[in-house]
Protein chains: 2
Amino acid sequence: MEKKIFIGFLKDKGQRFTKERAAILQKTLSYHGHFDPESLYLKIRETGLKASRASVYRTLNLLCECGLIDKVRKTEHGTIYEYTFGHKHHDHMLCIMCGNTIEFCSEDLERLHEGLCTKQNFRGVNHTFEIRGYCKKCQKKRR
Amino acid sequence: MEKKIFIGFLKDKGQRFTKERAAILQKTLSYHGHFDPESLYLKIRETGLKASRASVYRTLNLLCECGLIDKVRKTEHGTIYEYTFGHKHHDHMLCIMCGNTIEFCSEDLERLHEGLCTKQNFRGVNHTFEIRGYCKKCQKKRR
DNA sequence: AATGATACTGAGAATCAATCTCAATAAAAA
DNA sequence: TTTTTATTGAGATTGATTCTCAGTATCATT
């Protein structure tokens, strides 16, 4: 499914589905969650597949363009990507102590998104909502 | 007020309020909104004041630590800061066509923040909510 | 005022993610 | 087969940010 979308997207742009791009797509989809380009690159090498860092970066940009993945946020250590296609939209809580991420879905938030856009005459395409604070475990550790 | 806070913060850490830091603080506060380190650096030089880029970066980190300013987001062109102390918390809509930012306040969102944290046993400290899409003007341009 | 201890500064080097260059290669079209 | 065009990877480059470190400024104590 995803493969078909990607190939179609490439074809429309007169671009090719090479074995490097196939490898990058495959490993990207294997994440079902957050990942970063360097880990993806290493994962590809571990498996014996081949693709350079340059190709990884180039292909991740293509995958973003065609909507299979998204950039979640930029950190001091680089960009975090997420395999979003076919996954329900969710938002994040980020623990500023242990760095853990909690995902959650909120219908109320989706409704609020719509309401706010209507009020401001803004055509919202998507959003990110991130709550920073202390997760359950770290609240205990703190004292 | 802000100056007093910054000086107190520095004193607690056994650090000093130098003229470079004073210049950086002053120009930072003059923004009342978003800015980036390079613009700040240039603004300082224009005024005849003196501070190196290194000092700008170092001081912005201090100002974040003591809560006078915040990092809003990292972009491909660097980090966006915001002078937040004494400013009502707000969130952003970002036009992906013209790059313009719309600020808005939402009590509903604040309530939702609280509700979500309670549900997840998360102690939320702050949040960012960003809606990306097309602003009023760009919606017209698009057709 | 002199001394010693400590913090601060700026210039340039270093870091690191991300992009670019470009010659070699592969795939598609003619 | 020949021509055209897209892709690749190694390494260079970029650009934001941080680090280094020698020289300077500030503070505390005599």
Side-chain angles (χ1 to χ4, degrees), chain A residues 6-28 34-66 69-82, chain B residues 6-28 34-66 69-82:
Chain A
F6 190 38
I7 291 175
F9 168 80
L10 289 172
K11 187 160 286 176
D12 285 351
K13 296 184 59 173
Q15 295 185 214
R16 296 164 188 168
F17 186 65
T18 64
K19 57 184 181 309
E20 286 82 1
R21 286 176 181 169
I24 294 164
L25 174 65
Q26 185 206 316
K27 292 302 168 197
T28 292
H34 295 176
F35 65 95
D36 62 277
E38 181 65 14
S39 313
L40 177 59
Y41 169 70
L42 294 175
K43 193 175 210 178
I44 287 169
R45 309 221 85 203
E46 279 168 20
T47 332
L49 294 171
K50 280 179 60 239
S52 65
R53 279 194 184 78
S55 289
V56 167
Y57 280 104
R58 281 187 288 234
T59 304
L60 287 178
N61 282 333
L62 292 171
L63 292 173
C64 279
E65 274 184 58
C66 74
I69 66 174
D70 274 310
K71 293 184 185 183
V72 176
R73 96 181 78 94
K74 283 178 170 282
T75 74
E76 25 293 319
H77 316 299
T79 302
I80 311 283
Y81 289 83
E82 185 175 23
Chain B
F6 190 37
I7 292 174
F9 168 80
L10 289 172
K11 188 160 282 173
D12 285 351
K13 296 184 59 170
Q15 295 185 214
R16 296 165 188 167
F17 186 66
T18 63
K19 57 185 181 309
E20 285 83 2
R21 286 176 182 172
I24 294 163
L25 175 64
Q26 185 208 313
K27 292 301 169 198
T28 292
H34 295 176
F35 64 94
D36 62 279
E38 182 66 14
S39 314
L40 177 60
Y41 169 71
L42 293 174
K43 194 174 208 180
I44 287 168
R45 310 221 85 203
E46 278 169 19
T47 333
L49 294 171
K50 278 179 60 239
S52 65
R53 278 193 183 81
S55 289
V56 167
Y57 280 103
R58 281 188 287 236
T59 304
L60 287 178
N61 283 332
L62 292 172
L63 292 173
C64 278
E65 274 183 59
C66 74
I69 66 174
D70 274 310
K71 292 183 184 182
V72 177
R73 100 179 72 93
K74 283 177 170 283
T75 74
E76 26 292 321
H77 314 300
T79 302
I80 310 283
Y81 289 83
E82 183 177 24

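Chain letters run A, B, ... following the sequence lines, proteins first, then strands; residues in each count from 1.
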From the set [options], return the single nucleotide nearest to any side-chain atom of [X].
X: A/R16; options: C/dC20, C/dG10, D/dT5; result: D/dT5
X: A/Q15; options: D/dA6, C/dG10, D/dG9; result: D/dA6
X: B/S55; options: C/dG10, D/dT26, D/dT17; result: C/dG10
X: B/E20; options: D/dT7, D/dA10, C/dG10; result: C/dG10
X: A/Y57; options: C/dT6, C/dT9, C/dA18; result: C/dA18

Starting at [atom1] of [X] and ending at [atom2] of [N], how long is that distance when rounded to a whole Å?
X: B/L10; N: C/dA7; atom1: CG; atom2: C1'; value: 11 Å
X: B/I7; N: D/dC27; atom1: CD1; atom2: P; value: 11 Å
X: A/L60; N: D/dT7; atom1: CG; atom2: C1'; value: 16 Å
X: A/K50; N: D/dT8; atom1: NZ; atom2: C1'; value: 9 Å
X: B/Y41; N: D/dA16; atom1: OH; atom2: P; value: 13 Å
X: A/I44; N: D/dG9; atom1: CD1; atom2: P; value: 10 Å
X: A/R73; N: C/dA17; atom1: CZ; atom2: P; value: 16 Å
X: A/R53; N: D/dA10; atom1: CZ; atom2: P; value: 10 Å

Review point. Which part of the nucleic acid, if any, lies within contact of A/N61, taking any heavy atom under 4.0 Å across all strands shown: a base, the sugar-phosphate backbone alone, or nothing?
Key: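 Counting heavy atoms under 4.0 Å across all strands, the contact made by A/N61 is with sugar-phosphate only.
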
**Study point:** Presence of donor-acceptor pair under 3.5 Å, side chain of A/R58 and base of D/dG9
**Key:**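 When only heavy-atom distances are counted, A/R58 does reach the base of D/dG9 through a donor-acceptor pair under 3.5 Å.
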
Point to revise | B/E76 vs A/K74 side-chain heavy atoms within contact, under 4.5 Å | key: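 SC-SC contact between B/E76 and A/K74 confirmed.
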
Any [X] side-chain N or O less than 4.0 Å from OP1/OP2 of [N]:
X: A/T79; N: C/dA18; answer: yes
X: B/R21; N: C/dT9; answer: yes
X: A/T18; N: C/dA26; answer: no

Check your understanding: Side chain of B/T47, backbone of B/L49: donor and acceptor closer than 3.5 Å?
Key ->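 Checking the backbone N and O of B/L49 against the side chain of B/T47, no donor-acceptor pair under 3.5 Å is found.
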
Check your understanding: Do side-chain atoms of A/R53 reach the backbone of A/Y41 as a donor and acceptor pair under 3.5 angstrom?
Key ->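 No.
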
Check your understanding: Looking only at heavy atoms, which two atoms of A/R16 and A/R21 are closest? And how far apart?
Key ->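 Looking at all heavy atoms of both residues, the closest pair is O-NH1, 2.8 Å.
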
Practice item. On DNA chain C, check which nucleotide each of B/G14 and B/A54 is closest to and give me the residue with the more 5' one. Key: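 Final value for this comparison: B/G14.
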
Exercise for review: May I ask you to decide if the ring planes of A/F6 and A/F17 are parallel, tilted or perpendicular, using 30° and 60° as cut-offs?
Suggested key: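 Rings of A/F6 and A/F17: perpendicular, as their planes differ by over 60°.
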
